[in-house]
Protein chains: 2
Amino acid sequence: MRILIVEDEQKTADYLSRGLGESGYAVEVVRDGYDAQHYIEEYEFDLIILDVMLPGLDGWQLLQMVRQRSQVPVLFLTARDAVEYRVKGLELGADDYLVKPFSFVELLARVRTLLRRSPPREREHFRVADLAMDVLRRRVTRQGERLALTNKEFALLELFLDREGEVLSRTYIASRVWQMNFDSDTNVVEVAVRRLRAKVDDPFPTKLIHTERGMGYVLEDRS
Amino acid sequence: MRILIVEDEQKTADYLSRGLGESGYAVEVVRDGYDAQHYIEEYEFDLIILDVMLPGLDGWQLLQMVRQRSQVPVLFLTARDAVEYRVKGLELGADDYLVKPFSFVELLARVRTLLRRSPPREREHFRVADLAMDVLRRRVTRQGERLALTNKEFALLELFLDREGEVLSRTYIASRVWQMNFDSDTNVVEVAVRRLRAKVDDPFPTKLIHTERGMGYVLEDRS
DNA sequence: CTTCTACTATCAGGATACGCATACAGTCAC
DNA sequence: GTGACTGTATGCGTATCCTGATAGTAGAAG
């Protein structure tokens, strides 16, 4: 779970970053509004913790910007206890707020609540060339024709699609699809790729899964 | 949008009830834990506002009860500002809390946030191919012929219909129909599906419940 | 151009996990 | 107690997947 912390006070930022890091979240910290804007536009987060008072763009502006483009939960930090501040944040689309100072336990509880409510935004649909995958319906088609994939084949293809155009090492593939540390004395990945190709690529003129010798495999439209 | 207020202090209850009523919500007020329990079991609400200190069952117990059966958002009211109280509520599955005294504007803001986030209301009627379900009347028919389903069968079929076309994992089904974490090695889900099929699919030519090996089950018209 | 080598592809049993059917047992209402 | 409902236990057939051996290939070195 990736969390973005937008906070200019060094002390608070460290406190948050360390605590959340130890609790198993991947944390990114930025110190002003412009950096925040950049990160929000460039990367995906599962939760944003936002201080109201910031150099550069302030919390309200950032919040509006975030809401323009996504539903990611936002937790507001405010030094003021004044009701109208909190209300303003909530009206603008924040999901929760905390008044400083706060205890870490409480923050963690709220973070968990927010994350529990917004399950990891896995993609539900992919499309590359004439290949389409509907994850929820577990349906894969090429040229409109339905392909019958097994469990492993599906998982593998989903990984490829999720990382379209990236070269995936065998080790990485093994860790994602088999949850194992790739001991290298097995060729499961090769065999799995073979079987996947047999259904996805072999019967069709344009191939999508390519071997990068010495590196791994890519899924990509090279037509 | 229907809101249930569980609050024993007459003054606060009136205050909330009037204010929310004027804001366009359908409000129901109950004054003790047992009444609350009854209402929660009997009716559907889009939001529950829950005072912690109550005669009869207290807020925690109610909250746990609610969470057994639904995902409806719960806003907690507490007179205490102590952190551990709020944390306890959030950990138990509350979605938000307010510390008394609070301003009405703030309450309203939070109510709106929770409702905006709350999932679409449950459907009352389904139809797939020649299968029809009337949820309120607990009536299921196929080819116009009435099927006698047990509680579990009904709940399972309702879940399938609500997610028509999606492949549901056993784990997911178990969590929704049995409220259990499906880590033990039981085969309840399989048996339940078998029994449901015996009534819904077996006697008819076109099957609606399909097995996706390694993944779970789908309800879908594939004729 | 040939040869060598490291890497990749392919194939065929056999082990395994999975889903299904069936029987049995506990629980609850009447 | 009887009967309906629901969870548990077990054996079977089979789709699926891994193992391990063998064949094939690309790229570098001579």
Side-chain angles (χ1 to χ4, degrees), chain A residues 138 140 146-160 167-203 207-220 222, chain B residues 41 68-69 138 140 146-160 167-203 207-220:
Chain A
R138 200 156 184 279
V140 177
R146 182 159 185 186
L147 307 179
L149 298 189
T150 71
N151 214 16
K152 277 275 144 64
E153 290 158 3
F154 190 89
L156 182 57
L157 182 57
E158 186 179 357
L159 179 62
F160 273 131
V167 178
L168 309 182
S169 72
R170 287 147 215 280
T171 314
Y172 176 74
I173 294 173
S175 73
R176 291 291 307 266
V177 178
W178 282 264
Q179 283 92 38
M180 69 184 208
N181 290 6
F182 194 57
D183 292 312
S184 84
D185 54 349
T186 162
N187 64 344
V188 259
V189 177
E190 271 128 311
V191 176
V193 169
R194 168 79 202 90
R195 285 200 307 261
L196 183 58
R197 277 173 162 162
K199 291 182 181 172
V200 168
D201 270 351
D202 290 0
K207 312 304 179 193
L208 295 175
I209 301 172
H210 311 279
T211 306
E212 293 295 321
R213 196 182 173 77
M215 308 263 92
Y217 301 93
V218 213
L219 183 143
E220 193 171 29
R222 292 185 174 165
Chain B
E41 278 168 352
Q68 297 281 317
R69 51 195 313 283
R138 290 189 61 79
V140 178
R146 180 153 187 193
L147 306 178
L149 298 189
T150 71
N151 283 342
K152 274 278 139 67
E153 288 158 3
F154 190 89
L156 182 58
L157 182 57
E158 186 180 357
L159 179 62
F160 273 132
V167 178
L168 309 182
S169 72
R170 287 150 218 280
T171 314
Y172 176 74
I173 294 173
S175 74
R176 292 290 307 265
V177 178
W178 283 265
Q179 283 92 39
M180 67 192 259
N181 287 7
F182 190 71
D183 32 30
S184 61
D185 49 358
T186 147
N187 63 346
V188 255
V189 177
E190 270 137 302
V191 175
V193 169
R194 169 81 202 86
R195 287 171 178 152
L196 181 59
R197 275 173 162 162
K199 291 182 182 172
V200 169
D201 270 351
D202 289 0
K207 312 304 179 194
L208 295 176
I209 301 172
H210 309 278
T211 306
E212 295 293 323
R213 184 175 239 272
M215 289 299 289
Y217 300 94
V218 213
L219 183 143
E220 193 174 27

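In what follows, chains are A, B, ... by sequence order, proteins preceding strands, each numbered from 1. Only heavy atoms go into these numbers, but all of them, side chains included; no hydrogens, no water, no symmetry mates.
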query = Can you list the steps and then say if A:D202 with A:R194 is a salt bridge (Lys or Arg N to Asp or Glu O under 4.0 Å)?
reply = CA-CA 10 Å; A:D202 290 0; A:R194 168 79 202 90; 3.3 Å; yes
task = Please test A:V177 against A:K152 for side-chain contact (heavy atoms from CB on, under 4.5 Å), starting from the C-alpha separation and ending with a verdict.
result = CA-CA 7 Å; A:V177 178; A:K152 277 275 144 64; 4.0 Å; yes
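Counting 5' to 3', DNA chain C first comes under 4.0 angstrom of a heavy atom of chain A and last does so at the ends given by C:dA6 to C:dC11.
When atom types are taken as modelled, the side chain of A:K199 and the backbone of A:A148 share a donor-acceptor pair closer than 3.5 angstrom. In terms of modelled atom types and a separation under 3.5 Å, the side chain of B:R197 and the main chain of B:I209 share a donor-acceptor contact. With hydrogens and angles ignored, the 3.5 Å screen pairs no side-chain donor or acceptor of B:D201 with any backbone N or O of B:K207.
Between A:F160 atom CZ and A:I173 atom CD1 the span is 4.0 Å, to the nearest 0.5 Å.
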Distance-only donor-acceptor hits, side chain of residues 212-219 of chain B, under 3.5 Å, sequence neighbours excluded:
| from | atom 1 | to | atom 2 | distance (Å) |
| --- | --- | --- | --- | --- |
| B:E212 | OE2 | B:R222 | NH2 | 3.0 |
| B:Y217 | OH | B:R170 | NH1 | 3.3 |

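Considering only residues two or more places apart in sequence or on other chains, B:A192 meets the side chain to side chain contact (heavy atoms under 4.5 Å, CB included) condition with B:L156, B:W178. Every side-chain hydrogen bond (donor to acceptor under 3.5 Å, both in side chains) that B:T150 has, sequence neighbours left out, goes to B:E153.
Residue B:R194 contributes atom CZ, which lies 17 Å from atom C1' of D:dA9 at whole-angstrom precision. A:L196 places its CG atom 13 Å from the P atom of D:dC18, with the value rounded to the nearest Å. Rounded to an integer number of Å, the gap from NZ of A:K152 to C1' of D:dT19 is 14 Å. Rounded to whole angstrom, the span from the CG atom of B:L156 across to the C1' atom of D:dC5 amounts to 15 Å. Going from atom CZ of B:R170 over to atom P of D:dG7 covers 16 Å, rounded to whole Å. As rounded to whole Å, 15 Å separates atom C1' of D:dC18 from atom CG of A:N151.
When all heavy atoms are compared, the tightest approach of A:A198 to A:P203 is O-CD, 3.4 Å.
Comparing the local axis fitted to the first five base pairs of the helix from C:dC1-D:dG30 to C:dC30-D:dG1 with the one fitted to its last five gives a bend of 30°, rounded to 10°.
A residue-by-residue look at A:T211 and B:M215 shows that A:T211 has its nearest nucleotide of DNA chain C further toward the 5' end.
Between A:T150 and the phosphate of D:dC17, there is a side-chain N or O to OP1/OP2 separation shorter than 4.0 Å. In terms of phosphate contacts, B:W178 brings a side-chain nitrogen or oxygen within less than 4.0 Å of OP1 or OP2 of D:dG7. For A:T186, a side-chain nitrogen or oxygen approaches OP1 or OP2 of D:dT19 to under 4.0 Å.
Residues B:R138 and B:N151 have side chains that bring a donor and an acceptor to within less than 3.5 angstrom of each other.
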inquiry  = Strictly under 4.0 angstrom, non-hydrogen atoms only: write out the protein contact profile of nucleotides 21-30 of chain D, one letter per nucleotide from the 5' end, B, S or -.
reply    = B----BS---
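B:V191 comes within 4.0 angstrom of a base, heavy atoms only.
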